[in-house]
Amino acid sequence: NSDSVEIGVGAWVGWFDGMNGNDFSLTYTYSEDEGVTTENSVLAGYDYTRELASSFYAFGKAVYLYDEFGSFERDIFASAGVGYRIYNTPELQWSVQGGPGYRIDDSAG
């Protein structure tokens, strides 16, 4: 027999008002085996889009990661740019986007 605990929770909420889109996401994972923590991480993100034309849009993205046991204990990323929807139907959207990004990370150990 072993004594282990595993917890994983996540949430996503998003909305689009015809011109502006907002998406928030959050996940948390925790594991423990025989009283020793083996995983402890948080991932949070925010995506913003602004319609510029029927197929063109601007975007902004921010991501925060904390992972006690990963190769980077803390990782923060932010970017902004423009995108183009190559294929856009109610069932499927295929887009390309590009722009500059900035990353800050703290190596574990």
Side-chain angles (χ1 to χ4, degrees):
N1 290 342
S2 66
D3 182 22
S4 63
V5 174
E6 292 185 23
I7 299 170
V9 295
W12 174 83
V13 63
W15 65 91
F16 181 69
D17 67 11
M19 288 296 285
N20 302 289
N22 295 276
D23 290 312
F24 294 94
S25 61
L26 178 66
T27 60
Y28 175 71
T29 306
Y30 178 83
S31 296
E32 189 177 286
D33 190 27
E34 299 295 336
V36 176
T37 302
T38 57
E39 186 171 2
N40 186 21
S41 65
V42 174
L43 176 63
Y46 172 70
D47 289 299
Y48 171 78
T49 57
R50 170 75 179 187
E51 296 299 304
L52 301 175
S54 62
S55 295
F56 287 98
Y57 62 94
F59 75 90
K61 178 184 220 42
V63 178
Y64 172 80
L65 170 67
Y66 168 80
D67 189 350
E68 186 176 351
F69 299 99
S71 52
F72 296 104
E73 185 173 337
R74 214 171 316 283
D75 192 350
I76 301 166
F77 178 74
S79 67
V82 294
Y84 177 75
R85 290 185 189 89
I86 297 168
Y87 189 78
N88 192 19
T89 68
E91 296 81 29
L92 177 68
Q93 179 178 306
W94 184 32
S95 304
V96 293
Q97 59 186 36
Y102 184 74
R103 181 178 184 194
I104 299 169
D105 58 52
D106 296 330
S107 297

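One is the number of the first residue; the rest follow in order along the sequence.
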Side-chain donor-acceptor pairs of residues 93-101 under 3.5 Å, sequence neighbours excluded:
{"from": "Gln93", "atom 1": "NE2", "to": "Ser95", "atom 2": "OG", "distance (Å)": "3.2"}
{"from": "Gln97", "atom 1": "OE1", "to": "Tyr57", "atom 2": "OH", "distance (Å)": "2.8"}

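- In this structure, the separation between CG on Asp3 and CD on Glu34 is 6.0 Å, given to the nearest 0.5 Å.
- Asp67 CG to Glu39 CD: the interatomic distance, rounded to the nearest 0.5 Å, is 7.0 Å.
- At a threshold of 4.5 Å between side-chain heavy atoms, the hydrophobic network of Ile, Leu, Val, Met, Phe, Trp and Tyr places Met19 and Phe56 in two separate groups.
- With rounding to the nearest 0.5 angstrom, the OG1 atom of Thr49 is 7.5 Å from the CG atom of Asn22.
- The shortest non-hydrogen separation linking Glu32 to Thr38 is N-OG1, 3.9 Å.
- Tyr102 is not connected to Val63 by any chain of hydrophobic side-chain contacts under 4.5 Å among Ile, Leu, Val, Met, Phe, Trp and Tyr, and they are in different clusters.
- Inter-residue side-chain proximity for Leu65 and Phe72 is flagged as unmet; no heavy-atom pair is nearer than 4.5 Å.
- Applying the ring pair (Phe, Tyr, Trp, His ring centres under 6.0 Å) test to pairs two or more places apart or on separate chains, those with a residue in residues 28-52 are Phe24-Tyr46.
- Expressed to the nearest 0.5 Å, how far CG of Asp106 lies from CD1 of Ile76 amounts to 7.5 Å.
- Hydrophobic clustering of Ile, Leu, Val, Met, Phe, Trp and Tyr side chains at less than 4.5 Å, counting indirect connections, keeps Ile7 apart from Trp12.
- Considering only residues two or more places apart in sequence or on other chains, Ser79 meets the side chain to side chain contact (heavy atoms under 4.5 Å, CB included) condition with Phe59, Lys61, Phe77.
- Residues Asp23 and Gly14 share a closest heavy-atom pair of OD1-CA, 3.3 Å.
- Of all heavy-atom pairs between Ala44 and Leu26, the closest is CB-CD1, 3.9 Å.
- Cluster membership check: Tyr64 does not share its hydrophobic cluster with Phe69, using side-chain heavy-atom separations under 4.5 Å among Ile, Leu, Val, Met, Phe, Trp and Tyr.
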